[in-house]
Amino acid sequence: MSSIINRYLMVGLGCLICGASINAFFMPNKMLSGGVSGVSMILYFVFNLPMSITSILLNIPLFFYAYRLMDRGYVLVSLYGMFVFSFSLDAFRFLADLQLTNDMLLAALCGGMGNGLGAALMYRVNGGSGGTDIIGGILNKYYGLSIGSVSFAINSVIMGFNIFLFGLTPAMYTFIGIYFTSYVANRLTAGFDFKKSIIIISPEYKKIADDIVGEIGRGVTYLYGEGAFTGQKKSIIFVVIKLTQIAKIKALVYKHDPQAFMIVQEATDVMGKGFTIKSDKQIQEEMQAVKKKRRLLNISRIHKERVQQEKRARTKKGNTFE
């Protein structure tokens with residue numbers, strides 16, 4: 001139950017942040033956001049129609065098909081997100097009148113950051129606010145088209161309207177804003193706690209692996225390969241480490257084999273034992289720490305008992321003497 005409440009809270013918060021960002025930075029500078037909200041902004045600028053109403057009306061047919069073709073849980077939370085987002089588009093309309101910045105680049109970056117943050121909050125709990133997410137999901141499921149390609153095609157049409165309405169300059173800044181939205185959303189969804197995956201090929205693989213396990217405390221996996229030219233069988237070390245451990249890995253690899261072949265790659269959203277699940281070594285260390293704490297508590301308890309016994313003995317001796 002708590003996970004469901006958290007999911008709806010995150011989706012609601014994300015939608016509110018998106019609505020505030022669009023009004024505070026995009027609207028005053030004649031820039032558009034992507035997807036259905038971008039179409040709603042066009043209708044507002046051309047016909048002065050309330051964005052909340054047009055956003056809901058544009059989403060109705062999308063949710064009709066989504067309810068028939070996609071996961072019901074996702075559709076329901078996205079429906080909730082759509083209403084919150086549509087409400088926020090009008091609720092935060094006053095922010096556009098504040099004219100927070102006249103610098104279009106700054107507005108594009110700030111608006112993109114806010115939109116990206118809001119989208120990331122929704123994506124991390126498998127939620128959304130309707131619009132192009134639904135279109136992309138349906139086309140991806142039934143026609144194999146990537147969601148990114150569908151979103152880019154729709155946003156390209158929106159940019160074309162932006163050029164027609166306001167000229168090339170706002171359209172280019174719209175592109176920057178949409179791109180930065182996608183960049184921030186992807187980064188925040190994957191997480192900034194970056195890891196590195198390392199592949200090491202060396203005849204001294206056993207010594208290197210033992211040092212990685214013993215000195216750095218990371219688990220190591222052997223991958224078995226074969227040299228294409230020599231036909232020689234090879235044991236390949238694969239390990240995922242924290243960013244701060246790279247220098248230690250390089251140093252111990254160089255110590256055993258200065259000629260070792262090593263590849264260091266980015267690894268984001270790492271899950272499992274040693275990262276999101278405690279490793280065996282971490283569990284053992286925690287157990288040892290608990291045992292040590294218990295021993296100290298036991299020693300303290302014995303010491304207190306002895307002090308109390310000595311105190312009672314002295315009191316008894318004093319009473320006998322009297």
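Basis for what follows: all heavy atoms, side chains included, without hydrogens, waters or symmetry-related copies. If you're wondering where the values come from, they're calculated on a predicted model, not measured in any experiment.
Remark: Phe94 CZ is packed, more than 12 non-hydrogen atoms of other residues, nucleotides or ligands lying under 6.0 Å away. Heavy-atom contacts from other residues, nucleotides or ligands closer than 6.0 Å to OH of Tyr8 number more than 12. Counting heavy atoms of neighbouring residues, nucleotides and ligands inside a 6.0 Å radius, atom CZ of Phe87 does not exceed 12 of them. No more than 12 heavy atoms of other residues, nucleotides or ligands sit less than 6.0 Å from atom CD of Gln259.
Looking only at side-chain heavy atoms (C-beta outward), Lys195 and Ile241 stay at 4.5 Å or farther from each other. Taking the side chain as every heavy atom from C-beta outward, Met41 and Phe26 approach each other to under 4.5 Å. Ile17 has its side chain out of reach of Met122: every pair of non-hydrogen atoms, C-beta onward, lies at least 4.5 Å apart. Side-chain contact between Met172 and Met159 is present, with heavy atoms from C-beta onward closer than 4.5 Å. The shortest distance between side-chain heavy atoms of Ile22 and Met27 falls below 4.5 Å. Inter-residue side-chain proximity for Tyr173 and Asn29 is flagged as unmet; no heavy-atom pair is nearer than 4.5 Å. Within the 4.5 Å cutoff, the side chain of Val11 has heavy atoms near those of the Tyr80 side chain. Two residues are said to be in side-chain contact when any heavy atoms from C-beta on lie closer than 4.5 Å; Ile249 and Met262 meet this criterion.
Contact record, Cys15 with Val84: CB-CG1, 3.7 Å, taken as the closest heavy-atom pair. Scanning both residues, Arg93 and Ala96, for their nearest heavy atoms gives NH1-CB, 2.7 Å. Between Ile56 and Met82, the shortest heavy-atom distance links the atoms CG1-SD, 3.8 Å. The minimum heavy-atom distance linking Phe45 with Lys30 is given by the pair CE2-CD, 3.8 Å. The minimum heavy-atom distance linking Ala185 with Tyr123 is given by the pair CB-CE1, 4.3 Å. The two residues Ile42 and Phe161 have their closest heavy-atom pair at CD1-CB, 3.5 Å.
With hydrogens and angles disregarded, a donor-acceptor distance shorter than 3.5 Å links the side chain of Arg124 to the backbone of Leu188. Between the side chain of Arg7 and the backbone N or O of Val125 there is at least one donor-acceptor pair closer than 3.5 Å. Checked by atom type and distance alone, the side chain of Asp90 never pairs as donor or acceptor with a backbone atom of Pro50 at under 3.5 Å. Checking side-chain atoms of Asn59 against main-chain N and O of Ser55 turns up a donor-acceptor pair under 3.5 Å. Although no hydrogens or angles enter the test, the distance criterion places a donor-acceptor pair under 3.5 Å between the side chain of Gln245 and the main chain of Lys242. Side chain of Thr174 to backbone of Leu32: a donor-acceptor contact under 3.5 angstrom is found. Judged purely by atom type and a 3.5 angstrom limit, Ser86 has no side-chain atom pairing as donor or acceptor with the backbone of Phe83. In this structure a side-chain-to-backbone donor-acceptor pair under 3.5 Å is present from Thr181 to Gly177.
From Ile200, atom CD1 reaches atom CD1 of Ile237 across 5.0 Å, with rounding to the nearest 0.5 Å. Taken to the nearest 0.5 Å, the OG atom of Ser33 stands 8.5 Å off from the CE atom of Met51. The OG atom of Ser235 sits 9.5 Å away from the CG atom of Leu223 when rounded to the nearest 0.5 Å. Annotation: the span from Ile201 atom CD1 to Ile236 atom CD1 amounts to 4.5 Å, rounded to 0.5 Å. If you take CD1 on Ile163 and CD1 on Ile158, they are separated by 12.5 Å, rounding to the nearest 0.5 Å. The line from CD of Glu226 to NZ of Lys233 is 4.0 Å long, rounded to the nearest 0.5 Å.
Hydrophobic clustering (ILVMFWY, side-chain heavy atoms < 4.5 Å, transitive): Leu165 and Leu168 are in distinct clusters. Grouping the Ile, Leu, Val, Met, Phe, Trp and Tyr side chains by contacts below 4.5 angstrom, directly or via other members, places Tyr44 with Ile154. Taking hydrophobic clusters as Ile, Leu, Val, Met, Phe, Trp and Tyr residues chained together by side-chain heavy-atom distances below 4.5 Å, Tyr254 does not share a cluster with Ile216. Grouping the Ile, Leu, Val, Met, Phe, Trp and Tyr side chains by contacts below 4.5 angstrom, directly or via other members, places Leu95 apart from Leu106. One hydrophobic cluster, built from ILVMFWY side chains closer than 4.5 Å, cannot hold both Val36 and Ile178; they sit in different ones.
The aromatic rings of Tyr179 and Phe175 lie parallel to each other, with less than 30° between the two planes, well short of the 60° mark.
Partners of Gln308 by side chain to side chain donor-acceptor pair (under 3.5 Å), not counting sequence neighbours: none found. Not counting sequence neighbours, the partners of Asp211 by the salt bridge (charged side-chain N to carboxylate O under 4.0 Å, His left out) test are Lys255.
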Set out, in order, the CA-CA distance, both residues' side-chain angles and the distance that settles side-chain contact (heavy atoms from CB on, under 4.5 Å) for Leu58 and Ser40, then state yes or no.
CA-CA 8 Å; Leu58 290 170; Ser40 297; 3.9 Å; yes

Stepwise, does the ring-ring contact (aromatic ring centres under 6.0 Å, His included) test hold for Tyr222 with Phe238?
CA-CA 6 Å; Tyr222 288 136; Phe238 177 77; over 10 Å; no

Please report the C-alpha distance between Asp210 and Val213 in whole Å, then the side-chain angles of each, then the deciding distance to 0.1 Å, and finally whether the side-chain contact (heavy atoms from CB on, under 4.5 Å) criterion is met.
CA-CA 5 Å; Asp210 289 343; Val213 174; 5.9 Å; no

If you apply the rule side-chain contact (heavy atoms from CB on, under 4.5 Å), what do you find for Phe63 with Ser78, and how did you get there?
CA-CA 9 Å; Phe63 275 100; Ser78 295; 3.8 Å; yes

Tell me, with the steps shown, if Leu9 and Leu13 meet side-chain contact (heavy atoms from CB on, under 4.5 Å).
CA-CA 6 Å; Leu9 285 175; Leu13 179 60; over 6 Å; no

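Residues Ser21 and Asn115 have side chains that never bring a donor and an acceptor to within less than 3.5 angstrom of each other.
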